[in-house]
Amino acid sequence: MAAQRSVGIGAVLEQLQPDFPDISISKIRYLEAQGLITPGRTPKGSRRFTDEDIERTRFVLTAQRDRFLPLRVIREHLDALDRGLVTAEVDAVPVRPSPPPAGPTGLPETTLAPRPALRLTAAELREAADISAATLRELISFGLVSSEGTHHDQSDLDVAVAAGRLVAHGVEVRHLRPFRSAAEREVALVEHALSGEAEPPEGEGDPTRRLVATCLDLHTALVRRGLGDSGR
């Protein structure tokens, strides 16, 4: 992988001055000291700014100039931005993360696309999934939602949303453990199949996604048959 381009603080100043005539090296250093930007360092300690660092600096300066936002609010917004909760627009505000869209059965539409880099606190996860603190504790206790670290990702949100809908229908969280066991068996099955699979045929795409999609198709077909829904 090619190294990301970076420039020194003088070049950053040069890029930003046309839009922010009052910008100075000491101002850039101050923003770094406040934890709003985190440029890299050379072995000798010189600051090196990537394009992302420069755009982040531009964002902070614009928020101060156009929105008169204090650094505390800008820092909160940047934290939300880093965790995938808001866009990089200056006038954006932290929003409640959206649960996955419901499919025709009323359950979340299955997607095999890469998950966005979402990072939610426990309180944000409860709000987004519309579940109680007790339900979240049980989901963590039974291993359905991750208990590692201080934040939850998109996968935890997907699980919490689906589990919350089942809880709303009177299903107890402890009765959801078979879903975890079944998922673990399906993962093991896919990994086993991939370990001995030859090169995928032309045009069939990612073999992992293809196998997972097939497992989900089989699971759905068996559930529909068990519910007498195969003819609908």
Side-chain angles (χ1 to χ4, degrees), residues 79-87 92-194 205-232:
D79 177 65
L81 178 65
D82 291 340
R83 295 190 288 119
L85 300 181
V86 295
T87 66
V93 295
V95 296
R96 173 175 170 167
S98 301
T105 62
L107 295 176
E109 191 71 59
T110 298
T111 174
L112 300 177
R115 314 310 292 147
L118 192 67
R119 292 171 61 229
L120 303 174
T121 64
E124 289 166 341
L125 178 65
R126 292 199 309 271
E127 181 183 2
D130 194 21
I131 59 175
S132 68
T135 295
L136 178 57
R137 283 196 299 270
E138 288 189 85
L139 289 173
I140 292 174
S141 173
F142 291 121
L144 294 163
V145 166
S146 173
S147 61
E148 298 178 2
T150 58
H151 291 94
H152 299 277
D153 60 13
Q154 181 70 46
S155 296
D156 282 342
L157 176 58
D158 293 343
V159 170
V161 168
R165 289 172 178 161
L166 290 172
V167 168
H169 281 281
V171 179
E172 295 182 25
V173 174
R174 61 191 177 90
H175 292 149
L176 301 180
R177 286 180 294 179
F179 286 94
R180 178 191 172 191
S181 300
E184 290 173 345
R185 287 195 295 270
E186 289 179 14
V187 168
L189 178 65
V190 169
E191 290 175 343
H192 174 73
L194 288 173
D206 182 2
T208 301
R209 292 190 183 185
R210 188 177 68 249
L211 280 170
V212 172
T214 303
C215 287
L216 293 173
D217 287 343
L218 175 59
H219 177 84
T220 301
L222 290 170
V223 171
R224 285 188 178 278
R225 187 181 68 180
L227 293 174
D229 192 33
S230 58
R232 295 182 187 178

Just jot down the salt bridge (charged side-chain N to carboxylate O under 4.0 Å, His left out) partners of Glu186, sequence neighbours excluded, or say none. none
Can you find a heavy atom in the side chain of Arg180 that is under 4.5 Å from one in the side chain of Val159? no
Restricting to side-chain contact (heavy atoms from CB on, under 4.5 Å), what partner residues turn up for Ala133, sequence neighbours left out? Arg126, Arg137
Considering all heavy atoms of both residues, which atom of Leu125 and which atom of Leu157 are nearest to each other, and what is their separation? CD1-CA, 3.6 Å
What is the minimum heavy-atom distance between Leu176 and Ala163, and which atoms define it? CD1-CB, 3.8 Å
Quick one, Arg165 with Val161, criterion side-chain contact (heavy atoms from CB on, under 4.5 Å). Give me CA distance, side-chain angles, the key distance, then yes/no. CA-CA 6 Å; Arg165 289 172 178 161; Val161 168; 3.6 Å; yes
Straight-line distance of Glu172 CD to Leu166 CG, nearest 0.5 Å: 12.5 Å
Under a 3.5 Å distance rule, please check whether Arg83 uses its side chain to pair with a backbone N or O of Arg119 as donor and acceptor. yes
Keeping the roles fixed (side chain from Arg177, backbone from Arg174), state whether a donor-acceptor pair exists under 3.5 Å. yes
Please round to the nearest 0.5 Å and tell me the distance separating atom CD of Glu138 and atom CD1 of Ile131. 10.0 Å
Heavy-atom distance under 4.5 Å between the side chains of His151 and Leu120, does that happen here? no
From the list Val173, Asp156, Val167, side-chain contact (heavy atoms from CB on, under 4.5 Å) with Leu139 holds only for Val173
For Phe142, is the CZ atom crowded, meaning more than 12 foreign heavy atoms sit under 6.0 Å from it? yes
Does the side chain of Gln154 reach to within under 4.5 Å of the side chain of Asp158, using non-hydrogen atoms? yes
